[in-house]
Amino acid sequence: MSTDRTSAFYKENAETYANRARSLPKQQLDAFLARLAPGAAILELGCGGGQDSAYMLSQGFDVTPTDGSAELARKAEMLIGRPVRVMLFQQLDANSAYDGVWAHASLLHVPRSELPNVFARVRNALRPDGILHASFKAGEAEGHDGFGRYYNYPSADWLSALLTAGGWRNFAVGESEGGGYDGKPTRWLTVSAQR
């Protein structure tokens, strides 16, 4: 987590957050999984309540779920029946270990100044030609939401420049309208990129 207030929110609201009514991002999950070989190794960064990991496991993939919140990790473990590693993105130190990294609505909490390093760590964790899925709340400047959670709020151009500088290939940044935990309309940026 990027700030004390963000960490505190997930610690104090783990039960509510993990058990909230949430639509699985099935279209994005299926598109991501379709690019991987059956049984491929996937790292999930910021698994929250574990719903996305549970789906990927049900599709036969080898999933390693992680979350920065110990409280959320325990909730996810109850859902998926396997250990969830408690880890901040900045602690990722895997080397060519995964075919895919799923970071749905998680890297959006990384401070802008730390995002290049985190993207480099993610890229290093992927095998050659491995793929990344990440999503962000769109904006022009970093800030906090009504719950006090930090967001980096990037623009599509800002993200594209970051990916280019980081050596990512075949990347695309899509935009869509949606919502979030705060119930407010949200413009989402979805990143697909290859090591």
Side-chain angles (χ1 to χ4, degrees), residues 1 6 9-11 13-87 89 92 98-110 122 125-126 130-138 145 147 149 151-154 156 159 171-194:
M1 300 291 158
T6 306
F9 170 85
Y10 290 109
K11 180 175 184 172
N13 297 282
E15 181 86 28
T16 306
Y17 189 83
N19 296 327
R20 74 196 189 283
R22 172 185 180 260
S23 298
L24 199 70
K26 194 167 180 312
Q27 187 176 351
Q28 293 173 342
L29 274 164
D30 288 341
F32 171 74
L33 297 176
R35 297 178 62 193
L36 297 169
I42 298 170
L43 173 66
E44 182 173 11
L45 294 174
C47 71
Q51 297 92 345
D52 294 4
S53 275
Y55 180 75
M56 292 187 283
L57 286 164
S58 77
Q59 301 302 302
F61 290 89
D62 177 16
V63 182
T64 301
T66 69
D67 201 275
S69 162
E71 293 76 16
L72 275 176
R74 301 296 83 83
K75 295 293 174 193
E77 285 176 349
M78 288 191 279
L79 177 69
I80 63 180
R82 66 166 52 191
V84 173
R85 180 177 172 195
V86 178
M87 178 191 82
F89 309 126
L92 178 61
Y98 302 100
D99 302 298
V101 171
W102 178 260
H104 193 75
S106 61
L107 298 181
L108 41 63
H109 291 311
V110 177
V122 171
L126 284 166
I131 59 169
L132 164 68
H133 163 92
S135 58
F136 298 83
K137 289 187 176 186
D145 71 0
F147 294 108
R149 297 179 296 176
Y151 285 90
N152 45 38
Y153 293 124
L159 270 180
F171 65 82
V173 181
E175 298 188 39
S176 61
E177 298 297 331
Y181 181 75
D182 60 6
K184 295 182 178 176
T186 303
R187 174 163 280 277
W188 285 93
L189 301 177
T190 303
V191 171
S192 172
Q194 190 171 33

Closest contact, heavy atoms only, [X] versus [Y]:
X    : Y    : value
I80  : G50  : CG2-O, 3.5 Å
S192 : R35  : OG-NH1, 2.6 Å
L45  : V101 : CD1-CG1, 3.7 Å
P65  : P83  : CG-O, 3.7 Å
C47  : A76  : SG-CB, 3.8 Å
V173 : A156 : CG1-CB, 3.9 Å

Open item on the list: Angle between ring planes, F32 versus W102, binned at 30° and 60°: parallel, tilted or perpendicular?
Closed with: tilted
TODO: Assign the ring pair H104 / H133 to parallel, tilted or perpendicular, where the plane angle (0 to 90°) is split at 30° and 60°.
DONE: parallel
Tell me, do [X] and [Y] make a side-chain contact under 4.5 Å, heavy atoms counted?
X    : Y    : value
M78  : V84  : no
Y153 : D145 : yes
L92  : T66  : no
F171 : Q194 : no
E175 : W188 : no
Y10  : R149 : yes
L33  : M56  : yes
I131 : L126 : no

Task: Approximate separation, where rounding is to 0.5 Å, of L36 CG and D62 CG - done: 11.5 Å
Task: E44 CD to D52 CG distance, which is reported to the nearest 0.5 Å - done: 5.0 Å
TODO: Ignoring hydrogens and angles, tell me if any N or O in the side chain of T186 forms a donor-acceptor pair with the backbone of K137 under 3.5 Å.
DONE: no
TODO: Examine distances only and state if a side-chain atom of D67 and a backbone atom of A73 form a donor-acceptor pair shorter than 3.5 Å.
DONE: no
Open item on the list: Does Q27 have more than 12 heavy atoms from other residues, nucleotides or ligands lying within 6.0 Å of its CD?
Closed with: no
TODO: Please determine, by modelled atom types, if Y55 and D30 share a side-chain donor-acceptor pair under 3.5 angstrom.
DONE: yes
Open item on the list: Is it the case that the side chains of R82 and S53 hold a donor-acceptor pair, with the cut-off being a distance below 3.5 Å and no angle test?
Closed with: no
